[in-house]
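Since the structure comes first, as structure tokens, the remarks are kept for the end.
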Amino acid sequence: QVRLAESGGGLVQPGGSLRLSCAASRSVFNFNAMGWYRQAPGKERELVARITFSDNTNYADSVKGRFTISRDNAKNMVYLQMNSLKPEDTAVYYCNVQNRYTSAQSWGQGTQVTVSS
């Protein structure tokens, strides 16, 4: 099993920035894709950003131009830089990876992001 550990969440004012980090217990080369999802109270979990093995990226329309996903292969980490945060960004953010060979998915336990004045 792959273990994922998220960090970097917290309380920030609207317009502020946060950087989320996800540390994987295995090499990123084992993964077809790595991504960030979020879930707000009363809502379904949704894809925020994803980066593939070939470094293609995609973002939810609501975060395009504000969020950037990246990774550090040497450190087995993926990041989500979040700028110009809005109250509607408030959610628990989860790291997700998909196994390159089996398609099995792993999830982190989540990190809380709260955007409020």
So do Val92 and Arg45 actually touch side chain to side chain, heavy atoms under 4.5 Å? no

If you define the side chain from C-beta out and look only at heavy atoms, does anything of Phe31 sit under 4.5 Å from Ser106? no

Would a hydrophobic clustering, with Ile, Leu, Val, Met, Phe, Trp and Tyr connected at side-chain separations under 4.5 Å, put [X] with [Y]?
| X | Y | value |
| --- | --- | --- |
| Leu20 | Phe67 | yes |
| Val63 | Val12 | yes |
| Leu11 | Leu18 | no |
| Leu4 | Val113 | yes |

Backbone N or O of [Y] within a donor-acceptor pair of the [X] side chain at under 3.5 Å?
| X | Y | result |
| --- | --- | --- |
| Gln109 | Glu6 | no |
| Tyr59 | Ile69 | yes |
| Thr111 | Gly9 | yes |
| Thr57 | Ile51 | no |

Nearest-0.5 Å distance, [atom1] of residue [X] to [atom2] of residue [Y]:
| X | Y | atom1 | atom2 | result |
| --- | --- | --- | --- | --- |
| Arg100 | Arg26 | CZ | CZ | 14.5 Å |
| Asn58 | Leu47 | CG | CG | 5.5 Å |
| Asn32 | Phe53 | CG | CZ | 8.5 Å |
| Met34 | Cys22 | CE | SG | 5.5 Å |
| Tyr37 | Glu44 | OH | CD | 12.5 Å |
| Tyr101 | Asn30 | OH | CG | 6.5 Å |

Hey, are Ser54 and Thr52 close enough side-chain-wise for a donor-acceptor pair under 3.5 Å? yes

In terms of heavy-atom contacts, Ser21 and Trp36 come closest through O-CH2, 3.6 Å

Are Asn56 and Arg50 close enough, and set up right, to give a side-chain contact (heavy atoms from CB on, under 4.5 Å), and what steps lead you there? CA-CA 8 Å; Asn56 292 322; Arg50 180 172 58 189; over 6 Å; no

My understanding is that only residues two or more places apart in sequence, or in another chain, count here; which of them pass side chain to side chain contact (heavy atoms under 4.5 Å, CB included) with Ala91? Arg38, Ala40, Tyr93

Result block: side-chain N/O donor-acceptor pairs under 3.5 angstrom for residues 74-86, not counting sequence neighbours:
{"residue": "Gln81", "atom": "NE2", "partner": "Asn83", "partner atom": "OD1", "Å": "3.0"}
{"residue": "Asn83", "atom": "OD1", "partner": "Ser17", "partner atom": "OG", "Å": "2.9"}

